Each structure stands twice: as C-alpha cells, then as structure tokens.
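Take a look at the structure below.
This is a predicted model, so every value here is computed, not measured. Numbers restart at 1 for each chain; the letters A, B, ... are given by sequence-line order, proteins then strands.
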2 protein chains.
Amino acid sequence: MPRIIVDVMPKPEILDPQGKAIAGALQRLGQTGFSAVRQGKRFELTVDGEVTEEVLEQARHAAVTLLSNPVIEDVTRVEVVKDATIGVSE
Amino acid sequence: MPRIIVDVMPKPEILDPQGKAIAGALQRLGQTGFSAVRQGKRFELTVDGEVTEEVLEQARHAAVTLLSNPVIEDVTRVEVVKDATIGVSE
C-alpha cells in the first residue's frame, strides 16, 4: 500500500537539546567527523487505496497541525512513496 | 555543509503507541484516508568537510549503536544530502 512520509525537524533557530546530547556522545565515542546533530521526527502514513490529491492535501494539513508544532518545528517533507521499506543505502 | 540523514523506524512487528494515537486523532478529525500511522526518528548529522567513506562508516555505526535500539527499531536510511533544507514537495 502507498505511504506518505512526513519529516518534521526543529527550526534552525531553535535549540535542540537531544541533538546536542547525541553530538556530545559521538565526540566521547571518538566519532569526530560530525560538527552538529539535530533530531526530528519521521511519520509514515499508510494510505487506504489510491493517493489522490485530496488525500495528499489531508496529509499536508495533518503535517502542519497534528504532526508538528509550527512554533518550534518545520515540516521538511511530505512525499508519497510506493513502498516505505527503504533499505540502508550503501 | 554536507549532512548525513539517518532515519529510524519502529520494527513492523513492534507496537507503536504514538503512531496509534496519531491514527486515532486523524480519524476523530475527519481525515479518514489513512489506515495506519507509524512514528520514527530522523537525524541530521552535519559533517565537517568532505563525506569520506570513513565518515559514512562512522555514521552507519552510530546509526545502529547510538541512534537506534536494534531490539525494537530499524535503521531505514543512511544517506548523504548536499543541503538538508528540503522543501515540502508539491
């Protein structure tokens, strides 16, 4: 079944303590190739049947109302994928 | 600066209460086009300088050790993007 992927990230000007904690942990573990980490959310909405323009509009509306807090977060992606089981790219 | 995106999703066989709550909220709000929702995490690792194979290997290692819990989560993507500020696709 098709799925709609919604990515939500903290706004660039907002402090991201989780990301900061991860960046610190990477440094302590000796993985020093990274200068910053930010943590956001990823949603997979499984669609019943076809992805019509109406369903996509519903997803966009949900993204900015239910799935993100527009004060502190940006919706960075609302995209249809045929099969959401994407392997780790090599 | 280049960034590495890491997506982490709950394993398909694991119950996802957050996703279930969102699916229920969508139904109550009258957005009935969706049969299921799953919520995962998305990380943006900013890379100092070039993305070498070594840095990518560090990111893959961090993805399965620090950024995800392999018992309940799958790493679904480790990918380099030139500019992570991706607009909402229309």
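Interface residue B:Leu26: backbone and side-chain heavy atoms are both found under 4.5 Å from chain A. With a 4.5 Å cut-off on non-hydrogen atoms, A:Ala63 does not touch chain B at all.
By the 4.5 Å heavy-atom criterion applied to side chains, B:Gln39 and A:Lys41 are counted as neighbours.
Within a 6.0 Å sphere centred on CD of A:Gln18, heavy atoms belonging to other residues, nucleotides or ligands number 12 at most.
A side-chain hydrogen bond (donor to acceptor under 3.5 Å, both in side chains) with B:Lys11 is found for exactly one of B:Asn69, B:Asp16, B:Asp74, namely B:Asp74.
Using a 4.0 Å cut-off between charged side-chain N and carboxylate O, B:Arg3 and B:Glu44 make a salt bridge.
Options B:Ala25, B:Ser35, B:Gly19 differ in how many heavy-atom pairs under 4.5 Å they form with chain A, and the most are formed by B:Ser35. When A:Val8, A:Val55, A:Leu67, A:Leu66 are compared by the number of non-hydrogen pairs under 4.5 Å with chain B, A:Leu66 comes out ahead.
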